[in-house]
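Everything on this sheet refers to the single structure shown next.
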Amino acid sequence: MVEKLQKILKNALIALNIQFEDEIFIERSRRPEYGHYTSNIAMLLAKKLCRSPLKIAEDLVYSIDKNAEIIDKVEAITPGFINFFIAPAAFQKIVSEVLKDGDRFGSSNIGKGAKAQVEFVSANPTGPLTVGHGRQAVLGDTVARILEWNGYDVDREYYYNDAGRQMRILGYSTYIRYRQLLGFDDVFPDDHYQGEYIIDVARDIKEKYGDQLKDDPENNIFKESAEMAVFEDIKKTLGDLDIVFDRYYNEKSLYDDGLIEDVLERFKAINATYEKDGAIWFKAGEYGATEDRVLWKSVVDEATYRLPDIAYHETKFKRGYDLIVDIFGADHHATVPDVLAGLQALGYSTDNIKVLIHQFVTLTRGGEKVKMSTRKANYVTLSELMDEVGKDVVRYFYIMRGMKSHLNFDLNLAKTEGDENPVYYLQYAHARIASILRNAKVKGLTLDGDVDLSLLRENETIALLNVISEFREVGILCGQALEPQILTTYLQKLATAFHKFYTVHRVITDDFLLSRTRLALVTAVKIVLANGLNLLGITAPERM
RNA sequence: CCGCCCAUGGCUCAACUGGAUAGAGCAGCGGACUUCUAAUCCGCAGGUUGCAGGUUCGAAUCCUGCUGGGCGGACCA
């Protein structure tokens, strides 16, 4: 639709002999009086042509091909908008398009099969995922789904490090729990991991090894068992959210493959490093970052996290990804310029890296903040949240706000099954249609047979068709902006348009032709709702 | 001290390269179920878009300076 209008305007410009190279901007009108689509092109041209925008708009309207079948009416309005009123027939056609494309309706091929990678969660396996990780998990997976929907070949990747200090603490925490289970009255250090899950791991070790390891805190079994248990738990939680990673990338392999050393040597070779205070610094400032950074420590003979981060990101290029999406929490945003600077130093263009930074989550219960501390046992885990409110609500709540906003996750609201909960509003629309289809079937009414789409002409019906036709644009916009929240806003709009239609018009009546035609309409709505919900990883129920 | 993000009705949030009269939901008040699901719909009320300037035909959106909040600025990740 937009393309057609652009073409119509383009022809009008040519007819008036006006030069305009950029893409002609067409947007949905805000109000019904302004028609269905609007262009501000006359106002953009006003300065260049030194003429009143309204005059230009009027000229354009005059030159527009009135015979174009999709247009009912075109108006030029002060201060210079051109408003298009679309012919009902153009909207009505959308029904058959939806029915034809089915679960692919709205998808696009703007990705053209390019390889994309989305890296997210990337939490080290020291404990269960928290509600904080949840936002990133759902955001990342939804972005991945949206990219797939737009024709990208997407890999989901989880990057982790099981070699650091935190992991040693995890191992030692397990060891102490093990000792305690053996009856020793060891004191559990305050700053160690106090979660229940550690005790379970310790119990398993005790069952297998008895007290053989009681004086062997360095034994890898503690760390490895804990890590394995934690990872199983993380994967299960993610699986419950319908999130499956294609790859878990261990930082350690960067060392094993010699990539850390390799990157460092190349930095040195191009003189991008220098020594100061016994440490090796990277001239990040020369490559777009604000400050130089230490790459190799002097106090201990090891790299800082920045070096493996850079080496890791280089593998993404080497592995042939055309689009690289990183999802970070606000607490990691400071590392972004360093990684980008590193890649630039290595000679890569960072244009194809999109870094999405999301703000934090606060959990509230009845208006009161739920406090969270990672090491203490008093945080709410993602899996507990799932148990409490279910996958659909969790996914929806995480995605319904823009990622730049702080997310207020209201447990009470999430738990209500009533009208306050926005998830059910969408699902209810879908279930309601399913119910209509069941009733139709009982009465022997199916889509087999003639329909007359021109019967779809009441205000509520046209409004509904208009929203359906917007779905493709929304999908593409989401794919470009990588902002899933656009989709939730749209689906609310679609559900509203349907509910309004439903209260005014009956689908199943004695008029067979009209009934079958409306049945086609609501089936189309059902398909679009299901496609949208599926993109969000939310189930589209047949009954509620 | 420096950097990034945020501030929109009582609450939670929208607003698509800067567009027309800033929109929803919840909470409040008043209506609509003998008809395909009332988890719905309709109506009323609610706003100086944090403050002060600037840019222009036009600003919630862009720029500058404040105020208030979140997160960072480690040889922690």
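In the text below, chain A, chain B and the rest are named by the order of the sequence lines, each starting its count at 1.
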Base, sugar-phosphate or nothing for [X]? Non-hydrogen atoms, less than 4.0 Å.
X: A/Ala429; result: nothing
X: A/Thr489; result: sugar-phosphate
X: A/Gly402; result: sugar-phosphate
X: A/Gln492; result: nothing
X: A/His430; result: nothing
X: A/His499; result: sugar-phosphate

With a 4.0 Å limit, can you tell me whether [X] has a side-chain N or O closer than that to the phosphate oxygens OP1/OP2 of [N]?
X: A/Tyr425; N: B/rU37; result: no
X: A/Lys500; N: B/rC41; result: no
X: A/Tyr502; N: B/rA38; result: yes

Dump every N/O contact between nucleotides 74-77 of chain B and the protein below 3.5 Å, one line per pair.
from: B/rC75; atom 1: O2; to: A/Ser298; atom 2: N; distance (Å): 2.8
from: B/rC75; atom 1: O2; to: A/Ser298; atom 2: OG; distance (Å): 3.4
from: B/rC75; atom 1: O2; to: A/Val299; atom 2: N; distance (Å): 3.1
from: B/rC75; atom 1: N3; to: A/Ser298; atom 2: N; distance (Å): 3.4
from: B/rC75; atom 1: N3; to: A/Ser298; atom 2: OG; distance (Å): 2.5
from: B/rC75; atom 1: N4; to: A/Asp277; atom 2: O; distance (Å): 3.2
from: B/rC75; atom 1: N4; to: A/Ser298; atom 2: OG; distance (Å): 3.4
from: B/rC76; atom 1: OP2; to: A/Lys297; atom 2: NZ; distance (Å): 2.7
from: B/rA77; atom 1: OP2; to: A/Tyr305; atom 2: N; distance (Å): 3.0
from: B/rA77; atom 1: N6; to: A/Tyr305; atom 2: OH; distance (Å): 3.2
from: B/rA77; atom 1: N3; to: A/His332; atom 2: NE2; distance (Å): 3.0

Ignoring the backbone of A/Phe81, work out which of B/rU17, B/rA20, B/rG3 is nearest its side chain.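 When the side chain of A/Phe81 is considered, B/rA20 is the closest of B/rU17, B/rA20, B/rG3.
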Show me, pair by pair, the donor-acceptor contacts under 3.5 angstrom made by side chains of residues 335-342 of chain A, not counting sequence neighbours?
from: A/Thr335; atom 1: OG1; to: A/His332; atom 2: O; distance (Å): 3.2
from: A/Asp338; atom 1: OD1; to: A/Arg293; atom 2: NE; distance (Å): 3.4
from: A/Asp338; atom 1: OD2; to: A/Arg293; atom 2: NE; distance (Å): 3.2
from: A/Asp338; atom 1: OD2; to: A/Arg306; atom 2: NH1; distance (Å): 2.2

Neighbour count above 12 (heavy atom, 6.0 Å) for A/Phe512 CZ: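 Counting neighbours around CZ of A/Phe512, 12 or fewer heavy atoms of other residues, nucleotides or ligands fall under 6.0 Å, so no.
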Which residues pass the salt bridge (Lys or Arg N to Asp or Glu O under 4.0 Å) test with A/Arg543, sequence neighbours left out? none
In whole Å, what separates the C1' atom of B/rC76 from that of B/rA15?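 These two C1' atoms come out 41 Å apart once rounded.
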Between B/rC62 and B/rU55 - C1' atom distance, rounded Å: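 It comes out at 8 Å once rounded to the nearest Å.
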For residues 517-526 of chain A, which side-chain N or O atoms pair as donor and acceptor with protein atoms under 3.5 Å away, sequence neighbours left out?
from: A/Thr517; atom 1: OG1; to: A/Asp452; atom 2: N; distance (Å): 3.0
from: A/Thr517; atom 1: OG1; to: A/Leu513; atom 2: O; distance (Å): 2.7
from: A/Arg518; atom 1: NH1; to: A/Arg506; atom 2: O; distance (Å): 2.7
from: A/Arg518; atom 1: NH2; to: A/Glu458; atom 2: OE2; distance (Å): 2.9
from: A/Thr523; atom 1: OG1; to: A/Leu519; atom 2: O; distance (Å): 2.6
from: A/Lys526; atom 1: NZ; to: A/Glu542; atom 2: OE2; distance (Å): 3.3

Base of B/rA20, side chain of A/Asn83 - is there a donor-acceptor contact under 3.5 Å? yes
Hey, is the side chain of A/Asn439 pairing donor to acceptor with the base of B/rU35 inside 3.5 Å?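 Under the 3.5 Å cut-off, the side chain and the base do not form any donor-acceptor pair.
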Report, one pair per line, the protein and nucleotides 57-60 of chain B atoms (nitrogen or oxygen only) whose separation is under 3.5 Å.
none

If a pair means Watson-Crick or G-U wobble with both distances below 3.5 Å, what does RNA chain B look like in dot-bracket form, with | marking bases paired to a different strand? (((((.(..((((.....[...)))).(((((.......))))).....(((((..]....)))))).)))))....
